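Report on one structure; see the data block that follows.
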Amino acid sequence: MKVKLILPALTEATNPYWRPIKYSLFPPLGLATLAAYLPEGWEADMQDEHVETLNLDDEPDLVIIQVYITNAYKAYALADHYRARGAYVCLGGLHVTSLPDEAAPHADSIFLGPGEEIFPEFLRDWQAGRARPRYVSGAGRTLVGIPPIRRDLIKRERYLVPNSIVVTRGCPHHCDFCYKDAFFQGGKGFYTQTVDDALAEIDRLPGRHLYFLDDHLLGHTRFAAGLFEGMRGMGRLFQGAATVDSILRDNGLLEKAAQAGLRSLFVGFETLSPVNLKSSNKPQNLGRDYAAAIQRLHDLGIMVNGSFVFGLDDDRPDVFRRTVDWGVQQGITTATFHIATPYPGTALFQQMEAQGRLLHRRWNEYDTRTVVCQPGPHLTARQLKEGYDQAYRDFYSWTNITKASLVHDTLRHQLKHFAYAGGWKKFEPLWNFMIKSRHLDSMRPLLEAILSKVRGKDGKPGLEPLAQQSGDSEMLMSLPVLQR
């Protein structure tokens, strides 16, 4: 039996002349997770169009396609292609779960919600010749005893961070602009692996550094504490994401994470406006001291990638400059800016639709870089787009990179900040060349060597001996999480 698993890409990611590095960061773990349930002896091929040209001349028996909003049209075209060739085609993912009636005409079966529960059920039905057109994840969600991810299907050399991992599902919070609530509807919205299973998966990964792609790595205190305690002594270096309130909790969890190897954290600040936070149902940020959270991370030698959303109803024309200036003053290493984008299935989408503010439903443009709905009363669509573009230019100007790096209290942290922020945004032609020449994997050791830890073994500021720096395993590139 031949099975093909496909992650389609945006046109931009397949441009023969220019390939942004963000499309070559992480492999498709969702598909590799489903592949682990395939019966022994079945032939599996996983293709990620972000890093390779799809082979469309093959004749698989079963095709599984992962659909997110901006690749939906490409995914539907691929599904139609393989159905015409006689394959049984399944569609799943965030967009399919949000708009199942849109996806259903292009598939023999669609999967709604996380697949660990429903995919094994589908396989049994399909083998018995009674597969249903729709499988819906429900109350039986669990990560206990799931098979190891099929990492043998991942083409590691084509990704900058092949050691990505997910040990939880969902998030304990319910922000109006987040698509997670729709995806996990009908069952548990936040659950974890067992600590032992997570540690076993980490132990399978070669190399030293890894990236937790979990939405909130610190969201389950007991699990996270056990995970970090188990990771101590592994010599690992890792990145992840967490919330402001979890960073500010004085429960020792962040210190355990730093001791286990945490070197950078993606933090959803989203907005500096309390009005926007309240209207977006983001109470976990309300009344929190952002500056104190950043300082706590910096004191532990942890770099910060701040996430910000522009175009919420309380935003005014000065929001772009104020946000950039604030981020630079706080010494944030990298910033990821987004234009407020109402994904189908979210409360924000329902609000924009009810108010008649959706400009169109061309899903390929719902990329958080394009204005797709009428912004709040204080901004025009043109102001929003121009301000968003200017914010990126200003934050990553050499002047502001230098200013932000000088905020840190040690020379080593300053150099690390300057090297990373500059390298990430100012050397995009180099990234493009390495991707095109298939030498992206050769960049990892260099980046790790440049970006070492900024604290001594006692946790206090100061430079470590040069001899130790040159062979230090505590080195990691801090990569922003970017929506595809």
Side-chain angles (χ1 to χ4, degrees), residues 26 28-37 66 68 92-94 96-98 111-123 135-150 164-176 178-205 210-231 238-243 245-247 249 251 253-254 256-257 260 262 265-266 268 281-284 343 345-347 481:
F26 313 114
L29 290 187
L31 293 176
T33 299
L34 294 186
Y37 291 96
Q66 181 178 346
Y68 52 88
L94 295 167
V96 173
T97 302
S98 298
F111 304 143
L112 310 185
E116 290 90 355
E117 172 196 4
I118 55 180
F119 191 59
E121 180 184 2
F122 160 77
L123 287 175
Y135 288 81
V136 183
S137 175
R141 295 171 190 163
T142 180
L143 297 180
V144 177
I146 64 172
I149 294 173
R150 285 288 302 276
S164 53
I165 182 172
V166 180
V167 295
T168 67
R169 297 290 186 274
C171 179
H173 303 296
H174 306 280
C175 307
D176 283 356
C178 182
Y179 47 72
K180 293 297 181 183
D181 276 1
F183 190 66
F184 289 95
Q185 187 177 7
K188 289 184 290 187
F190 184 57
Y191 48 108
T192 75
Q193 286 185 291
T194 66
V195 171
D196 286 345
D197 285 347
L199 292 173
E201 179 64 18
I202 292 170
D203 200 48
R204 294 176 60 213
L205 296 171
L210 51 93
Y211 202 122
F212 287 95
L213 292 173
D214 304 75
D215 293 297
H216 190 357
L217 187 58
L218 307 182
H220 192 294
T221 302
R222 186 173 59 183
F223 168 79
L227 178 70
F228 300 146
E229 288 169 0
M231 290 180 66
F238 62 94
Q239 306 160 257
T243 59
D245 65 318
S246 68
I247 295 167
R249 290 179 199 144
N251 56 7
L253 188 60
L254 197 61
K256 289 181 179 179
L262 177 62
L265 202 63
F266 178 90
N281 192 33
K282 201 172 180 70
Q284 66 271 23
Y343 293 122
T346 65
V481 175

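Predicted, not measured: the structure shown is a model, and the values here were computed from it. Heavy atoms only: backbone and side chains are in, while hydrogens, waters and symmetry mates are out.
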Evaluate the criterion side chain to side chain contact (heavy atoms under 4.5 Å, CB included) for residue pair Q239 and F266; output intermediate values, then yes/no.
-> CA-CA 8 Å; Q239 306 160 257; F266 178 90; over 6 Å; no
Test item: side-chain donor near acceptor, H216 and T243, under 3.5 Å =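 Their side chains do contain a donor-acceptor pair, which is all the 3.5 Å distance test asks for.
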Go through the side-chain N and O atoms of D196 and T194 and say whether any donor and acceptor fall under 3.5 Å apart.
->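 The answer is no; no qualifying pair exists.
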Indicate yes or no: at least one non-hydrogen side-chain atom of [X] is less than 4.5 angstrom from one of [Y].
X: Q193; Y: I146; result: yes
X: L217; Y: T168; result: no
X: V195; Y: F223; result: yes
X: F111; Y: V96; result: no
X: Y343; Y: S98; result: no
X: N251; Y: T221; result: yes

Is the centre of the F238 ring less than 6.0 Å from the centre of the F212 ring?
->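 Distance test on ring centres: under 6.0 Å, yes.
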Checking side chain to side chain contact (heavy atoms under 4.5 Å, CB included) for the pair V167/I165: CA distance, chi angles, key distance, verdict?
-> CA-CA 7 Å; V167 295; I165 182 172; 3.9 Å; yes
Please report the closest heavy-atom contact between [X] and [Y], naming both atoms and the distance.
X: N281; Y: H174; answer: ND2-O, 2.6 Å
X: A198; Y: L227; answer: CB-CD1, 3.9 Å
X: L254; Y: I247; answer: CD2-CG2, 3.9 Å
X: E116; Y: T142; answer: CB-O, 4.4 Å
X: A182; Y: T97; answer: O-CG2, 3.5 Å

Would you list the atom pairs, donor with acceptor, under 3.5 Å between side chains in residues 184-191 and any protein atom, with sequence neighbours excluded?
{"residue": "K188", "atom": "NZ", "partner": "R141", "partner atom": "O", "Å": "2.7"}

Show your reasoning for whether side chain to side chain contact (heavy atoms under 4.5 Å, CB included) applies to L29 and S164.
-> CA-CA 8 Å; L29 290 187; S164 53; 3.7 Å; yes
Separation between [atom1] of [X] and [atom2] of [Y], rounded to the nearest 0.5 Å:
X: L253; Y: L218; atom1: CG; atom2: CG; result: 5.0 Å
X: L213; Y: F26; atom1: CG; atom2: CZ; result: 5.0 Å
X: T192; Y: D214; atom1: OG1; atom2: CG; result: 10.0 Å
X: Q284; Y: S246; atom1: CD; atom2: OG; result: 9.5 Å

Identify the residue among D181, D215, D245 that makes a side chain to side chain contact (heavy atoms under 4.5 Å, CB included) with H173.
->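 For H173, the side chain to side chain contact (heavy atoms under 4.5 Å, CB included) test succeeds with only one of D181, D215, D245, which is D245.
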Where the side chain of E117 meets the backbone of G138, is there a donor-acceptor pair that is under 3.5 Å apart?
->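 It does hold such a pair.
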Determine, step by step, whether I202 and L210 satisfy the side chain to side chain contact (heavy atoms under 4.5 Å, CB included) criterion, reporting the C-alpha distance in whole Å, the side-chain angles of both residues, the deciding distance to 0.1 Å, and the verdict.
-> CA-CA 8 Å; I202 292 170; L210 51 93; 3.8 Å; yes
Using the six-membered ring wherever Trp is involved, compare the ring planes of F122 and F119 and label them parallel, tilted or perpendicular (cut-offs 30° and 60°).
->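 The rings of F122 and F119 lie parallel, inter-plane angle below 30°.
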